[in-house]
Undergrad: 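Handing you this structure, nothing more for now.
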2 protein chains.
Amino acid sequence: MKASENNRKSHIREKNYLNILNAAEEVFAQNGFKGSSMNAIAEKAGLPKANIHYYFSNKMALYMEVLQRILVEWNQGLGEFTEQDDPSEVLEHYIASKVLQACQKPHQSKLFASEVISGAPAIADYIRTEMRQWLREKSAIFQIWMDKGLMKPVDPSHLMFMIWSTTQHYADYQTQVLLLLNQQEYETSDYETITRIVTEVILTGVGLTPSWKKQ
Amino acid sequence: MKASENNRKSHIREKNYLNILNAAEEVFAQNGFKGSSMNAIAEKAGLPKANIHYYFSNKMALYMEVLQRILVEWNQGLGEFTEQDDPSEVLEHYIASKVLQACQKPHQSKLFASEVISGAPAIADYIRTEMRQWLREKSAIFQIWMDKGLMKPVDPSHLMFMIWSTTQHYADYQTQVLLLLNQQEYETSDYETITRIVTEVILTGVGLTPSWKKQ
DNA sequence: ACTCATGTTGACCAAACGGTCAACTTAAGT
DNA sequence: ACTTAAGTTGACCGTTTGGTCAACATGAGT
């Protein structure tokens, strides 16, 4: 255990660790923190409950780990643009990414929603610092675009809220949407339909033109 | 107890009944069905737990009662319009109602969201029948307006989803919105700001003109 | 004043909860 | 083959859970 330390510190550890994390993500997403039991997570992971506690000291630690993984993945996946970029392109790309994320990994948004609904006890600090900072930066870029007359002037923060809400809706309210549309699950064609209408309405709403309508 | 039967069957019963229902609404909204304990509801209501069971046979019955009251109130408050009405007026009024509802009674939307996130076990039937029927009717009206050239053609169902998501966002994600805006609570001026931007973006997005921009 | 329906509640129960631990099996370095 | 670290797990503990019940208090009709 000297040379191989970097190669595969512990193959089995990482395997089970991720297995538990994935199971926990699903269970927590369905019933929130308080509503989820370690037993349910253990069963979903196919392991005895005591084994979960070998990898995670307690329920809260597991929950925080799941939450953090989601936030990291979200921050990697999207959201970097500058005032030099084209407003339409940026918004189109951002909305498309969010829709894909919502449809393909609805658990993540559901868990996040659950956390926020219950008062965000675990991530209030994150929202108050990192997230607010991110929103400020992007809002400033929106504002510059509006000042330049590139888009219609609307409150930048609330514009971002509109993008978040319309896209995440397809994750959080997945059950309702599918029941209303009489579908079993989202299909690839749905991603496009959703992206298209959300993009079209919002972009047109702020005086922009979707790329497929240009020229 | 013959003549007074209609007057006030039991004043004390109704008082406690509503007290418990309100307490349950808050608690269920925060932590969902599984995450809420009868004890927490009892404490919120200021009654011993056993007293709750005098009015509601069990947890599920109480939960269903709370849910049903919400659905009834929602169906009363809004959503009735016909193809003869003016599209802009209808959408404006509908959005304004939903925003007011979200800001003033966020518990209700939060509880509904919780239920849907956890797979809508208690209201899947309601969604599949009544709600879907309602959506079909309103979508048909949207479609007629679009066919008449009164508004831009977009998928009517998804347009409704956009209205629902943008407005309910301010209830479900209330904590996040307030933390990001650095506010303690929604103020009357917020209702107007939110209504204004949501209405403006969506109406413009579907080729309509908000009333305050006309002429 | 008496009566009976209505409402109240502490004490209690079985089940499920989060979490611990010692005994055990498996994997890996020498 | 031996040793030690890593991983597994059934049994168990104290607490909380939803729910019951018998004893009690209070209301209203006569």
Side-chain angles (χ1 to χ4, degrees), chain A residues 1-28 30-67 114 118 121-122, chain B residues 1-28 30-67 114 118 121-122:
Chain A
M1 233 259 248
K2 263 180 277 180
S4 64
E5 214 171 56
N6 267 345
N7 286 351
R8 45 174 78 188
K9 315 168 90 171
S10 183
H11 162 261
I12 186 166
R13 183 170 190 86
E14 192 170 324
K15 187 193 100 192
N16 283 5
Y17 187 86
L18 288 177
N19 177 25
I20 296 171
L21 226 54
N22 290 334
E25 188 174 288
E26 275 194 61
V27 174
F28 280 135
Q30 227 187 47
N31 296 110
F33 177 73
K34 283 193 186 174
S36 302
S37 72
M38 294 297 276
N39 216 328
I41 294 170
E43 279 184 20
K44 181 75 95 178
L47 297 171
K49 192 184 62 171
N51 206 351
I52 310 281
H53 279 92
Y54 177 71
Y55 290 98
F56 299 91
S57 55
N58 55 37
K59 190 183 173 185
M60 181 55 85
L62 172 55
Y63 181 69
M64 292 301 286
E65 214 68 46
V66 173
L67 253 180
S114 235
S118 66
Chain B
M1 231 261 252
K2 262 179 274 181
S4 64
E5 213 171 56
N6 268 345
N7 286 353
R8 46 174 78 186
K9 313 168 89 172
S10 182
H11 162 260
I12 186 166
R13 182 170 192 86
E14 192 170 325
K15 188 193 99 192
N16 283 4
Y17 186 87
L18 288 177
N19 177 26
I20 296 171
L21 226 54
N22 291 334
E25 190 175 287
E26 274 194 62
V27 175
F28 281 135
Q30 227 189 48
N31 296 111
F33 177 72
K34 284 193 185 174
S36 303
S37 72
M38 295 296 278
N39 217 327
I41 294 170
E43 278 185 22
K44 181 77 94 177
L47 297 171
K49 193 185 62 172
N51 206 350
I52 310 282
H53 279 92
Y54 176 72
Y55 290 98
F56 299 91
S57 55
N58 54 38
K59 190 183 172 184
M60 180 57 85
L62 171 55
Y63 182 70
M64 293 301 287
E65 215 67 45
V66 173
L67 254 179
S114 233
S118 67

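Because only heavy atoms are used, hydrogens play no part in the values below, and waters and symmetry mates are left out as well, while side chains stay in. We name chains A, B, ... by the order of the sequence lines, and we start the count at 1 in each one.
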Undergrad: Nearest to the side chain of B:S37 - D:dG18, C:dC17, C:dG19?
TA: D:dG18
Undergrad: Any side-chain N or O of A:Y55 below 4.0 angstrom from OP1/OP2 of D:dA6?
TA: no
Undergrad: C:dC17 P sits how many Å from A:M60 CE, rounded?
TA: 18 Å
Undergrad: Remember a base hit wins even if backbone is also touched, and classify B:I12 as base, sugar-phosphate or nothing at under 4.0 Å, heavy atoms.
TA: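 The answer is sugar-phosphate, as B:I12 gets under 4.0 Å only of primed atoms, P, OP1 or OP2.
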Undergrad: What I want to check is whether an N or O donor and acceptor connect the side chain of A:K49 with the base of C:dG19 at under 3.5 Å.
TA: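 Such a pair exists between side chain and base.
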Undergrad: Look at all strands and tell whether B:N51 reaches a base, only sugar-phosphate, or nothing, counting heavy atoms closer than 4.0 Å.
TA: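 The answer is base, as B:N51 lies within the cut-off (heavy atoms under 4.0 Å) of a base atom.
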Undergrad: Grab the CE-P distance between A:M38 and D:dT16 for me, whole Å please.
TA: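 For the pair A:M38 CE and D:dT16 P, the rounded distance is 18 Å.
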Undergrad: Can you name the closest pair of heavy atoms from B:S118 and A:N31 and give their distance?
TA: CB-ND2, 4.0 Å
Undergrad: For B:F33 together with B:Y63, are the ring centres under 6.0 Å from each other?
TA: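 Here the rings of B:F33 and B:Y63 have centres that are less than 6.0 Å from each other.
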Undergrad: Counting only side-chain N and O atoms of B:R13, is one of them less than 4.0 Å from OP1 or OP2 of C:dG7?
TA: yes
Undergrad: Locate the shortest heavy-atom distance separating A:K59 from A:K34; write the atom from each residue and the value.
TA: NZ-O, 3.7 Å
Undergrad: Could you give the CD1-to-P distance, from B:I20 to C:dG7, as a whole number of Å?
TA: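 Result: 11 Å.
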Undergrad: Whole angstroms only, please: what is the OH-C1' distance between B:Y63 and D:dG18?
TA: 17 Å
Undergrad: With a 4.0 Å limit, can you tell me whether B:N16 has a side-chain N or O closer than that to the phosphate oxygens OP1/OP2 of C:dT8?
TA: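 For B:N16, the contact criterion (side-chain N or O under 4.0 Å from OP1 or OP2 of C:dT8) is met.
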Undergrad: Hey, is the side chain of A:N58 poking within less than 4.0 Å of OP1 or OP2 on C:dT20, counting only N and O atoms?
TA: no
Undergrad: Of the options D:dT9, D:dT17, C:dT9, whose atoms approach the side-chain atoms of A:A50 most closely?
TA: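 Minimum distance to the A:A50 side chain belongs to D:dT9.
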Undergrad: Is there a side-chain contact between A:Y54 and the phosphate of D:dT8, meaning an N or O under 4.0 Å from OP1 or OP2?
TA: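 For D:dT8, neither OP1 nor OP2 has a side-chain N or O of A:Y54 closer than 4.0 Å.
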Undergrad: Give the intermediate values and the outcome of side-chain contact (heavy atoms from CB on, under 4.5 Å) for residues A:L18 and A:E14.
TA: CA-CA 6 Å; A:L18 288 177; A:E14 192 170 324; 4.3 Å; yes
